[in-house]
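Predicted model only: the values in this text are computed from it and were never measured. For ligands, and for the atoms within them, numbers begin at 1 and follow the listed sequence. The first residue in the sequence is number 1, and the count goes up from there.
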Amino acid sequence: MKTKLTALLVGACIGTTALGAELLVGTDAGFAPFEFKDEKTNEIVGFDMDLIKAIAAVNGDTVKIQNMQFAGLIPAIQGNMIDVAAAGMTITPARQKQVHFTDSYYEVGLVLAVMNKDADKYKTLNDLENKTICAQIGTTGSMLAGKVKGAKVTNYDQIGEAFMDMKMGGCQAVLNDKTVTTYYLSKKGDGSMTVLPHLYEPSQNGFAVSKRNPELLKKLNHGLKVIKENGTYDKIYNKWFAEKK
Ligand code: ARG
C-alpha cells in the first residue's frame, strides 16, 4: 500500500486530514460480469471493480487494478504483491486458513453447463462419473469436479476456454459459478449449450486480504457496510445484474 505523498502534502498545507492510500487490487479479468476487459476501451470493468472502487472511496483510498491468474491471487496476497483480491472469490474454509475475507458481498453457487444434445444424459454431477469435466484452474468448480468419482478434470486458465473445449467435444460438462456461466451463455453462446438447474455449494463471495493486514480488512468491511446502507451497492448491483432483480 503506497501512501500518496502528494495527498499528504496537500492535506498538510491546506490543513485537512485527507490521506488516502492506493490499494493494489488483483483480479483475473476473464470472469464477466464480475471482472472482464471492456472490448472497446480494454479497461478492466465489472461488478467487483465498481464495488472495490466504491469501497475504497469511502475510506478516501484509490485503487489500482492488476490482472493476473486466478490461482496466483492468494499467493500474491501472501507475498505482499497485492493488497486485495477482487475476483469473484468464494469464501471457503481452506482459503480462510490462508487469507482474511471481508463480509460477503455476493451469493454464489456452482452449476453444470452441458451441450444441449447431452442434456438428457447428464443431469447432475453423478451422471458425470468417469467423464471429463472442464473448469478454471484453482476455482471451487474445479475442486468440486475433482470429487466426482472417476472423472477427469481439464483445467483452463480462463473459464471461456473451458466452454470452447466443451463445444469441441473435449469434455462433457463445465462446472463454474452460476452467474458467470449464465452470463457467458447469454452473451457468447450460440444456443448450443444449456445450464442445468441444480445449484451446488451455495456460498458467499468476499474480497481477500492478507492475514497480516487486519486494519485493511476493517476498512474494507466498513466501506462495504457504508455502500450497502447508502444505496451505492444497490446501484452497482442493478447495473450488472439488472435482469435478475
Ligand atoms: N468463485 C469461484 C472461486 O472462488 C471462481 C472465481 C473465479 N474468478 C475469476 N476472476 N476468474 O473459486
Participant: Do ligand 1 and N205 have nitrogen or oxygen atoms that lie under 3.5 Å from each other?
Facilitator: no
Participant: Closer than 4.0 Å to some heavy atom of Q136 - which atoms of ligand 1 meet that?
Facilitator: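 What qualifies from ligand 1 is 7 (C), 11 (N).
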Participant: Just checking, any donor-acceptor pair under 3.5 angstrom between side chains of Q69 and D28?
Facilitator: no
Participant: Pick one of side chain, backbone, both or neither for how T140 approaches ligand 1, counting any non-hydrogen atom pair under 4.0 Å.
Facilitator: both
Participant: Nearest heavy-atom pair of D103 and N221: which atoms, and what distance?
Facilitator: N-OD1, 2.7 Å
Participant: Side chain of K211, backbone of Q96: donor and acceptor closer than 3.5 Å?
Facilitator: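 Confirmed, K211 side chain pairs with Q96 backbone.
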Participant: Among all the protein's non-hydrogen atoms, which is closest to atom 11 (N) of ligand 1, and how far away is it?
Facilitator: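 Sorting protein heavy atoms by distance from atom 11 (N) of ligand 1 puts D28 OD2, 2.7 Å first.
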Participant: Counting heavy atoms only, which of G206, G26, A87, S142 comes nearest to atom 8 (N) of ligand 1?
Facilitator: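 The option holding the nearest heavy atom is A87.
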Participant: Working note: Y105 + D48, criterion side-chain hydrogen bond (donor to acceptor under 3.5 Å, both in side chains); need CA distance, chi angles, decisive distance, verdict.
Facilitator: CA-CA 9 Å; Y105 68 85; D48 289 345; 2.9 Å; yes
Participant: What about T27: any of its N or O atoms under 3.5 Å from an N or O on ligand 1?
Facilitator: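 No, there is no polar N/O contact under 3.5 Å.
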Participant: Would you call the rings of F36 and Y183 parallel, tilted or perpendicular if under 30° counts as parallel and over 60° as perpendicular?
Facilitator: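 Tilted.
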Participant: Tell me, please: is D177 in heavy-atom contact with ligand 1, that is, under 4.0 Å?
Facilitator: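 Judged by the 4.0 Å heavy-atom criterion, D177 does count as contacting ligand 1.
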Participant: Over 60° means perpendicular and under 30° means parallel, so classify the ring planes of F47 and F241, tilted if in between.
Facilitator: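 Plane angle over 60°, so perpendicular.
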Participant: Identify, for atom 7 (C) of ligand 1, the protein heavy atom at the shortest distance, and state residue, atom and that distance.
Facilitator: F31 CZ, 3.4 Å
Participant: How far is atom 6 (C) of ligand 1 from its nearest protein heavy atom, and which residue and atom is that?
Facilitator: G88 O, 3.3 Å
Participant: Taking non-hydrogen atoms only, is E35 closer than 4.0 angstrom to ligand 1 via side chain, backbone, both or neither?
Facilitator: side chain
Participant: Compute whether any side-chain donor of one residue and acceptor of the other, for T179 and Y106, lie under 3.5 angstrom apart.
Facilitator: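 The answer is yes; a qualifying pair exists.
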Participant: With backbone taken as N, CA, C and O and side chain as the heavy atoms from C-beta onward, which portion of R95 lies under 4.0 Å from ligand 1: side chain, backbone, both, or neither?
Facilitator: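 The answer is the side chain.
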Participant: Does F207 have its ring centroid less than 6.0 Å away from the ring centroid of F101?
Facilitator: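 That pair fails the under 6.0 Å test.
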Participant: What atoms of ligand 1 come within less than 4.0 Å of a heavy atom belonging to T90?
Facilitator: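 Under 4.0 Å from T90, ligand 1 has these atoms: 1 (N), 2 (C), 3 (C), 4 (O).
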